[in-house]
Enquirer: 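Have a look at this one.
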Amino acid sequence: MDLQLLIAQWSGALPPGFVRPALIPEARPPCAQPRCRHPVGVKKNGELAKSCDRCLERRARSCKRRRAVLVAEGGCRRCGYRKRLAGDFLCARCRQDRDVERAQKRQDALDAAVIDDFAAQPDMVHKASNLDRGISPWNARPAKEPSAAYWSPLPDPIPKQEREWEQSIYDNGRRFHRY
């Protein structure tokens with residue numbers, strides 16, 4: 001494979017000396033804007049746009065002017081339509097969107113760093129553990145705890161219900177009442 005072509009594929013750019021096939025203007029459909037018959041423009045990636053270049057430029061200038069007016073009247077600098085927060089140049093929605101984008105970028109950078117660290121580690125032989133068999137601290141059986149049976153191997157000869165000598169015959173439970 002050609003080195004220049006490989007570099008172009010990785011960088012996402014066209015290789016040097018590449019000539020795009022010429023589009024015949026008659027083969028392109030007409031502009032989608034009313035009362036405009038020019039052929040549609042070609043985007044940077046080679047796709048056909050919906051409007052001609054002149055209409056696209058005119059529309060971009062119009063949007064720029066409208067946004068400048070809205071920002072001058074106190075609108076958000078990012079969207080231009082909603083009011084800015086006090087002491088800020090963005091509206092609440094755009095600020096929230098930007099914070100989410102920044103957090104995602106930060107998380108992506110952290111993930112990439114962790115992946116790079118992992119890839120930089122030397123290959124190690126796998127050590128078998130309980131995790132291979134599906135046993136983890138979260139689903140394992142609890143460890144056995146020593147009970148009284150450990151110290152007294154024989155069961156209690158008299159069941160608790162039959163130990164009438166433990167209860168006083170004068171006790172009617174009034175000790176536990178609050179007056």
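Because only heavy atoms are used, hydrogens play no part in the values below, and waters and symmetry mates are left out as well, while side chains stay in.
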Enquirer: Q104 and D108: side chain to side chain donor-acceptor pair (under 3.5 Å), yes or no, with the steps?
Expert: CA-CA 6 Å; Q104 186 61 48; D108 289 347; 3.0 Å; yes
Enquirer: Side chains of R95 and C76: closer than 4.5 Å at any heavy-atom pair?
Expert: no
Enquirer: Hey, could you give me the CZ/OG distance between R58 and S51, rounded to the nearest 0.5 Å?
Expert: 8.5 Å
Enquirer: When rounded to the nearest 0.5 angstrom, what distance separates NZ in K64 from CZ in R61?
Expert: 10.0 Å
Enquirer: Could you report the tightest heavy-atom contact between R28 and P39, atom names first, then the distance?
Expert: CB-CB, 4.0 Å
Enquirer: Using the rule given for side chain to side chain contact (heavy atoms under 4.5 Å, CB included), can you reason through H38 versus D53, listing the C-alpha separation, both sets of side-chain angles and the distance that settles it, and then say yes or no?
Expert: CA-CA 9 Å; H38 292 97; D53 292 333; over 6 Å; no
Enquirer: Distance check, rounded to the nearest 0.5 Å: E164 atom CD versus I169 atom CD1?
Expert: 11.5 Å
Enquirer: Under 4.0 Å between a Lys/Arg side-chain N and an Asp/Glu carboxylate O for E73 and R82?
Expert: no
Enquirer: What's the separation between atom CG in D171 and atom CD in Q167, rounded to the nearest 0.5 Å?
Expert: 8.0 Å
Enquirer: Roughly how far, to the nearest 0.5 Å, is CZ of R66 from OG of S62?
Expert: 5.5 Å
Enquirer: Check whether any side-chain heavy atom of E101 sits under 4.5 Å from a side-chain heavy atom of K105, and report yes or no.
Expert: no
Enquirer: Around atom CG of D123, are there more than 12 heavy atoms from other residues, nucleotides or ligands closer than 6.0 Å?
Expert: no
Enquirer: Could you see if V42 belongs to whatever hydrophobic cluster contains V40? Use Ile, Leu, Val, Met, Phe, Trp, Tyr and a side-chain cutoff under 4.5 Å.
Expert: yes
Enquirer: Working to the nearest 0.5 Å, report the span between SG of C52 and CD of Q33.
Expert: 7.5 Å
Enquirer: Does either side chain, that of R93 or that of Y81, offer a donor lying less than 3.5 Å from an acceptor on the other one?
Expert: no
Enquirer: Assess whether side chain to side chain donor-acceptor pair (under 3.5 Å) is satisfied between D117 and Q121, documenting all intermediate values.
Expert: CA-CA 7 Å; D117 287 348; Q121 289 174 355; over 6 Å; no
Enquirer: Within 45 degrees of the ring normal and closer than 6.0 Å to the centroid, is that where the cationic atom of R84 sits relative to F89?
Expert: no
Enquirer: For a 4.5 angstrom cut-off between non-hydrogen side-chain atoms, does L48 reach K43?
Expert: no
